[in-house]
Structures are given as structure tokens and as C-alpha cells.
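Remember, it's a predicted structure, so these values are computed and weren't measured experimentally. Reminder, nothing fancy here: chain letters follow the sequence lines and each chain counts from 1.
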Amino acid sequence: MKNAVSYELIKEDSKSKARRGRVTTPHGTIETPVFMPVGTQATVKAMRPEQISEMGAEILLSNTYHLYLRPGHEIIKEAGGLHKFMNWNSSILTDSGGFQVFSLGQLRKITEEGAMFSSHIDGSKHLLSPEKAIEIQNALGSDIMMAFDECIPCDADKVYIKDSLERTSRWLKRCKDYHQDIEKQSIFGIMQGGMHKDLRYQSAMEIVEMDMPGYAIGGLSVGEPKEVMLEVLDYCVDYLPKEKARYLMGVGSPDYLFEGVERGVDMFDCVLPTRIARHGLAMTSHGRVNIKNAKYARDFTPLDDNCDCYTCRNYSKAYLRHLHKSNEMLGAMLLTEHNLHFLINMMKNIRKSIEEDRFLEYKREFYDNYGKF
RNA sequence: GUGGGUAUCGUCAAGUGGCUAAGACACAGGGUUGUGGCUCCUGUAUGCGUGGGUUCGACUCCCACUAUCCACC
């Protein structure tokens with residue numbers, strides 16, 4: 001039997017651990033390294049699926065926890081699966097709800113069985129277990145399902161981190177045992193271990209032993225300083241097998257993407273570009289632009305003179321500022337489109353630079369232009 | 001013209017004799033990283049229509065003026 005999802009290594013950079021590859025799923029291929037836009041509630045906020053396709057996105061992320069609570073996974077199954085429900089015919093990765101164990105911290109209780117949540121919508125109680133998380137993701141029909149894990153805060157104590165990581169490994173085994181149709185959907189395992197090298201190693205060994213089609217590095221970008229994150233990431237990647245896709249969860253600012261690629265990561269996702277767009281911030285080749293700033297009131301030039309996205313081809317900073325200040329939804333739509341285009345395009349350039357064996361040169365060039373992150 | 005009301009930040013306003021004059025919106029900056037949240041944080045009146053007066057002390061009381069609103073002529 002063939003796994004639904006596979007990874008092919010195409011080329012390695014000679015001066016860094018960056019690598020050019022390809023992930024294949026039942027819904028197509030994904031050129032890596034890749035940035036995956038996040039569509040938590042079966043929609044990338046403010047975007048139509050066609051727009052995201054046109055930008056070149058080959059995979060989206062969506063969320064088990066949210067879709068389970070609303071509209072309910074049975075309804076999505078009835079609709080013919082998540083792809084059909086949201087009119088997205090390329091690949092989908094669903095997060096398992098593990099992150100909500102972390103982000104909705106005050107509303108939950110964790111046991112060996114799983115995590116008991118209070119719904120943030122109506123306060124109702126739900127148990128999310130490894131089996132339940134896979135059952136839901138089976139109903140959604142995503143190509144890549146994430147194992148149910150516990151994402152712990154960066155200041156957790158070491159004893160707790162070790163207990164938690166071992167539980168996450170046991171949960172992965174349960175996810176794997178529960179899942180039946182491995183030709184239709186694949187599960188990625190998630191490494192934990194906090195900021196401790198020995199625990200990261202332990203976690204990696206435990207999950208790699210289960211021979212999953214891909215592995216994610218979880219529990220990073222959870223509030224720790226950048227240097228710590230990079231140091232941990234450095235050795236984490238080395239603990240993962242070369243022939244499988246590596247996914248760094250929750251990372252999406254341009255600098256972190258470069259640093260991740262440099263260390264051998266293939267996949268990234270992040271709400272940052274879409275969320276900050278809704279809050280009036282744009283990522284540009286010259287750094288962040290806060291469209292709310294008074295200095296743009298009479299700036300009739302595009303957001304980014306190096307960008308050929310729909311927004312930059314047609315609208316000025318003054319207009320985008322006006323839309324944002326007037327609370328017009330087109331403002332969020334145009335900035336979201338720009339930010340996603342920016343990151344997707346940046347990843348395209350990164351892939352090209354690896355193919356041409358000049359990744360570090362491209363990184364330096366990008367950093368010089370970007371200035372402050 | 002007569003009678004009555006009202007005048008506090010750009011706007012809407014709380015305060016009613018006594019510490020450094022609420023709050024909201026607007027404005028100005030900043031944050032955001034496996035999305036609960038078009039959101040969160042911070043800042044902004046030495047000043048209470050103008051001029052007098054009463055008082056130890058007035059945005060608060062009194063007088064005049066100005067502006068504005070309502071009613072009547």
C-alpha cells in the first residue's frame with residue numbers, strides 16, 4: 001500500500017541545509033519549500049479560493065477544532081468533504097486541534113485520554129482525543145492530517161515537557177492505529193520537547209520510529225526569543241529523516257521563513273500575513289508598512305514598487321489607508337491578497353535560488369532590502 | 001423684539017463648590033507568528049464660551065456680554 005502523501009528531494013543547497021523538494025498528495029503536487037496560507041474556518045479570511053490559486057498556492061491549512069465545533073464535521077462529510085465544501089481542489093492540511101490545547105489554555109483539561117475543552121463559541125464541553133481528532137479529519141478528508149499533540153508554552157518546566165512529549169508520542173501511536181485509509185490521507189507526526197536538546201531528541205526518536213509520511217516541528221514560535229528558536233530549530237531538523245517532508249508549524253514572518261529554509265525545513269504555515277493584513281500591516285520588499293500611518297494619507301504610490309500583485313498593480317497606499325480607516329472590507333481583502341502574494345512569491349524565489357545554488361546570496365539580498373523585520 | 005434653555009478635548013458627553021476634569025468615538029504610535037476575536041496595548045484638555053464678581057477655594061454660585069437652540073410675536 002502506498003501512502004497518500006510522499007516527499008521527493010530534488011536538490012540540496014551546497015552551502016546550507018536548504019533543500020528543494022516536492023510533496024505529492026491525492027490533490028496534486030506541492031513544490032517545497034512552501035508557505036501554506038491558513039484558512040481556519042474553511043476559508044482564508046477575505047479571499048476567494050480562486051484568488052489563492054492564482055497566486056500560486058498549492059496547499060491550504062484548515063482546522064479540526066474549529067470545523068468540528070462549527071459547522072460540525074458530519075455536515076462537511078455530507079457536503080462531500082472539505083475540498084468540495086469550500087471549493088478548493090488542491091491539497092489541504094488540517095491541524096489537529098493540538099494548538100488549541102495551548103491557545104485556549106484556560107478552557108481545557110488534559111488527561112491521558114485526551115483534552116477536555118470548553119467551546120469558545122457556546123461553552124459546551126468536548127473531549128478531543130487522538131481518535132476523535134482523526135475521526136474528524138477523516139470526515140473532513142484533508143490530504144495531510146496532523147497528529148493530535150499537546151503544544152506547550154515555552155516557559156513550561158522540564159518535567160512537564162517530558163511527560164507531555166511522551167504523551168504526545170503515545171497519542172501519535174493511537175492516531176496511527178485509528179486511521180484506516182492510508183492511501184487517501186496521511187498523518188504527520190509532531191515533535192515536541194520545548195527548548196531542551198535532549199527532550200527534542202527523545203521526541204524525534206519516538207515519532208520517527210513510527211515511520212510517518214512526514215514530520216512537523218511543533219512547540220516553537222510560542223513566545224521564545226528568536227535566537228532560542230533558531231538554536232532549537234538547528235538541531236531539531238537534524239533529528240528528522242532526510243527522505244520525509246519537514247514542517248515547521250506556525251512560522252510565517254519573512255525572516256523566520258528564510259531561517260527555517262536555511263535549516264532544512266520544507267513546509268511552513270502562519271496566520272501572520274492574513275491577520276496583520278486585517279490590522280492594516282503589509283509585508284513589502286522594503287519591510288513592514290503600517291498603512292494606518294498618517295504619512296501615507298497623500299501617498300499615491302503602490303504598497304511595494306517591486307510587487308506585481310493585484311493590489312499593487314491597481315491601488316495606492318493613500319487609498320488602502322482610506323479603506324482601512326473607514327473600516328471597509330475591501331481594505332482587508334486587498335492587503336490580505338498582497339501579503340499572501342508577497343510570501344508565496346518570496347518562497348518561489350527561494351526555491352529558484354536553491355535550484356541555482358545561491359540561496360544564501362538571495363537571503364542576504366532580501367535582508368538588505370527588507371531592513372527591520 | 002419677548003420669554004426660556006444650553007455653552008466642558010476634533011465629535012458625543014460625565015462632573016456640580018474642594019485631591020493631578022470620567023468615558024466613548026475620532027486622531028497619533030505600536031503589537032500580532034500550528035487564527036476565538038476587522039483585535040489588543042499606549043498616548044493626547046495646566047483646560048471647562050468671553051469678561052467681571054462672590055469665596056480660603058469655582059467647570060460648578062452671581063452679573064454682563066457673545067454664540068446657539070426652542071417658543072411666542
Side-chain angles (χ1 to χ4, degrees), chain A residues 35-46 59-70 93-108 117-123 133 137 142 144-152 154 168 188-192 214-226 229 233 247-257 259-260 265 267-281 283 288-297 321 323-336 339 343 372-373:
Chain A
F35 172 78
M36 305 182 281
V38 177
T40 301
Q41 312 208 63
T43 166
V44 175
K45 293 185 199 303
I59 180 168
L60 292 187
L61 188 140
S62 197
N63 200 290
T64 298
Y65 170 80
H66 301 264
L67 297 177
Y68 159 70
L69 288 181
R70 184 169 58 196
L93 180 151
T94 42
D95 192 15
S96 63
F99 184 69
Q100 278 64 42
V101 173
F102 164 71
S103 69
L104 302 175
Q106 59 281 59
L107 304 172
R108 54 79 168 128
F117 291 95
S118 282
S119 158
H120 69 278
I121 300 168
D122 62 4
Q137 295 182 84
S142 51
I144 300 173
M145 305 186 287
M146 296 310 296
F148 187 64
D149 70 326
E150 182 189 1
C151 179
I152 43 189
C154 65
T168 288
F188 278 20
I190 305 176
M191 181 206 292
Q192 290 290 342
Y215 297 99
I217 299 164
L220 283 183
S221 202
V222 288
E224 74 283 4
K226 185 177 175 184
M229 195 273 209
L233 183 59
Y247 164 29
L248 175 58
M249 307 183 81
V251 157
S253 61
D255 53 335
Y256 276 46
L257 292 173
E259 301 299 340
V265 174
M267 304 162 71
F268 305 85
D269 82 284
C270 193
V271 303
L272 193 68
T274 45
R275 178 185 288 162
I276 66 176
R278 276 176 278 122
H279 296 171
L281 243 55
M283 295 170 173
R288 274 162 87 129
V289 167
N290 186 341
I291 204 66
K292 291 176 284 187
N293 288 172
K295 63 181 169 187
Y296 300 122
R321 177 173 195 273
L323 290 178
H324 186 79
K325 302 220 58 127
S326 312
N327 232 329
E328 283 293 340
M329 59 181 95
L330 183 60
M333 290 161 66
L334 293 176
L335 274 193
T336 299
N339 281 353
L343 284 189
K372 165 188 170 284
F373 283 97

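Distance noted for atom P between B:U32 and B:U20: 39 Å (whole Å).
Considering only side-chain N and O atoms, A:Asn290 lies under 4.0 angstrom from the phosphate OP1 or OP2 of B:G30. Between A:Gln41 and B:G36 there is no side-chain N or O to OP1 or OP2 distance below 4.0 Å. For A:Lys325, a side-chain nitrogen or oxygen approaches OP1 or OP2 of B:A28 to under 4.0 Å. For B:A28, the OP1/OP2 oxygens have a side-chain nitrogen or oxygen of A:Arg321 closer than 4.0 Å.
Set against B:G31, B:G34, B:U35, the side chain of A:Val38 has B:U35 as its closest nucleotide. Among the nucleotides B:G34, B:C27, B:C38, the one closest to the side chain of A:Arg278 is B:C38. Distances were taken from every side-chain heavy atom of A:Ser103 (C-beta onward) to each of B:G31, B:G34, B:G36; the shortest belongs to B:G36. The listed nucleotides are B:G30, B:U32, B:G34; the one nearest the side chain of A:Val271 is B:G34. Between B:G36, B:G30, B:A28, one nucleotide has an atom nearer to the side chain of A:Ala294 than all others, and that is B:A28.
Tested against A:Leu281 for a side chain to side chain contact (heavy atoms under 4.5 Å, CB included), the candidates A:Leu272, A:Asn290, A:Ile291, A:Asn339 yield a single pass: A:Asn290.
Here A:His279 does not lie in a stacked arrangement on the base of B:C38, lacking the combination of planes under 30° and ring centres under 5.5 Å apart.
Of all non-hydrogen atoms in A:Ser119 and A:Leu69, the two that sit nearest each other are OG-CD1, 3.7 Å.
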